[in-house]
Amino acid sequence: KDGTKTVLASLASIVIGLLVGCVVILVVGYTSDNLSGKSAWEGVRIVLASIFSTGRSEGALTFGFNPVSTGNMLFRATPLIMTGLSVAVAFKTGLFNIGAPGQYLMGTMASLMIALGIPSDVVPPAFLGGAAAGAIWGCIPGLVKAYLNINEVLASIMTNWIAANAVTWAFEVSNFKNVVENTKTNYIYKTTFNGVETAKMGLDKLFPGSQVNGGIIVAIVIAILMYILINKTTLGYQLKACGSNRHAARYAGIKDKRNIVLSMAIAGALSGAGAALYYLSGNTEFYWQTYQSLPATGFNGIPVALLAANNPIGVIFTGIFMSMLDISGQQLTSLTPYNEYLTDVIIAVIVYLSAFSLVIKMLITGRKKRRAAESAATTAEPAPPEPEPGEAPAQVESGKGGEAE
């Protein structure tokens with residue numbers, strides 16, 4: 001089945017990426033004068049089982065259930081799942097939402113200003129405000145695509161940098177800069193400064209000492225709802241129809257312009273909601289001078305969506321996997337002589353391979369066809385020999401008493 005081939009292609013990308021990372025670690029370990037074979041194999045173990053690393057005991061690496069690493073992995077996976085959904089939903093409708101970073105920034109600004117500006121626990125309004133800000137920002141490239149036929153990639157890149165400068169200006173003139181801790185004036189207050197914090201929903205008892213909260217549950221629920229929307233509703237069918245062939249969809253009576261704008265609005269809302277879930281946790285700080293850079297979380301949603309083949313349910317697992325690689329980088333830095341940039345090599349390889357997932361699927365299909373052909377050839381009966389020139393063809397038995405016809 002095509003779905004099975006897609007899963008196998010994604011798994012092949014992951015396995016090859018991990019193998020390449022392990023090979024790099026071994027080569028560096030055995031060729032460097034400052035490292036050794038032992039440290040190289042320790043690096044390999046960290047890459048393959050970082051989430052289960054519990055540190056060192058008498059100089060040796062120890063492994064087991066690590067609630068802090070597991071909880072932090074789920075916490076960091078939350079915005080990745082949301083930005084991955086943002087890219088995946090747009091892909092389903094034939095659009096490439098490279099504007100997720102800008103939508104993420106607008107969601108960050110709106111959710112933090114609402115949370116810090118109202119003196120009460122306002123997590124739901126702040127969350128909805130972040131999603132609304134992302135949706136409005138996502139509408140801009142959607143509108144120019146639908147009504148002016150301007151490529152959404154170009155429009156999204158422009159809105160990304162406009163958002164970066166707008167957010168910097170908005171926080172520059174605000175009173176939300178952290179002036180209590182003099183060394184952190186480039187950061188915005190944590191939402192706990194105003195008594196706002198996402199509920200833990202009991203996850204703090206499962207993963208004590210970690211940053212995890214109920215945001216991961218919200219992200220998973222939203223992913224399931226997106227799957228239902230895209231695959232089980234009339235609106236989802238119309239969105240996919242516009243993505244497959246905009247002109248044919250219009251001929252069939254589907255409002256293509258409305259659906260293009262709506263698709264980008266949904267994508268923007270998902271990115272903005274991801275930012276809200278991350279910063280409303282109460283334990284993260286936002287660097288407000290963002291005009292010179294864009295949040296990596298927005299761009300990381302692209303490989304998350306590619307690796308999941310744009311399936312909203314698959315995005316849950318690929319988002320968690322990418323977050324696990326982030327934890328691997330931290331473990332490499334703290335427990336081995338290697339640095340976290342080795343995990344960037346792994347991610348890069350996986351991203352490239354996931355972009356070529358169609359090629360991998362074709363290889364899998366070709367191999368299966370060859371096997372089927374070989375199996376058919378071995379089980380088929382040999383054909384009767386061709387008659388020699390001038391020789392009468394062999395008589396065929398009739399099956400009625402063995403007489404020839």
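Predicted model only: the values in this text are computed from it and were never measured.
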Evaluation steps, side chain to side chain contact (heavy atoms under 4.5 Å, CB included), between M158 and I140: CA-CA 10 Å; M158 295 175 67; I140 298 174; over 6 Å; no
Test log, rule ring pair (Phe, Tyr, Trp, His ring centres under 6.0 Å), inputs F171 and F286: CA-CA 10 Å; F171 281 122; F286 176 66; 5.7 Å; yes
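Between T93 and I266 the shortest side-chain heavy-atom distance does not fall below 4.5 Å. You'll find the side chain of Y189 stays beyond 4.5 Å of the side chain of N194, heavy atoms only. Between L270 and Q103 the shortest side-chain heavy-atom distance does not fall below 4.5 Å. Between M82 and Y278, every side-chain heavy-atom pair lies at or beyond the 4.5 Å cut-off. Using a 4.5 Å cut-off on side-chain heavy atoms (C-beta onward), F176 and L112 make no contact.
Side-chain contact of Q330 with N72: a donor-acceptor pair under 3.5 Å is absent, judged by distance alone. Of the N and O atoms on the side chains of T336 and S39, not one donor lies less than 3.5 Å from an acceptor on the other residue.
Between F96 and F91, the gap from one ring centroid to the other is short of 6.0 Å.
Of the listed residues (V47, I51, N66), just one forms a side-chain contact (heavy atoms from CB on, under 4.5 Å) with Q331, and that residue is N66.
Residue F65 places its CZ atom among more than 12 non-hydrogen atoms of other residues, nucleotides or ligands, all under 6.0 Å distant. In F317, the CZ atom is not crowded: 12 or fewer heavy atoms of neighbouring residues, nucleotides or ligands sit closer than 6.0 Å. Within 6.0 Å of atom CH2 in W161, more than 12 heavy atoms from other residues, nucleotides or ligands are found, so the atom counts as buried in its surroundings.
Separation of atoms SG (C139) and CD1 (I260) is listed at 12.5 Å; rounding is to 0.5 Å.
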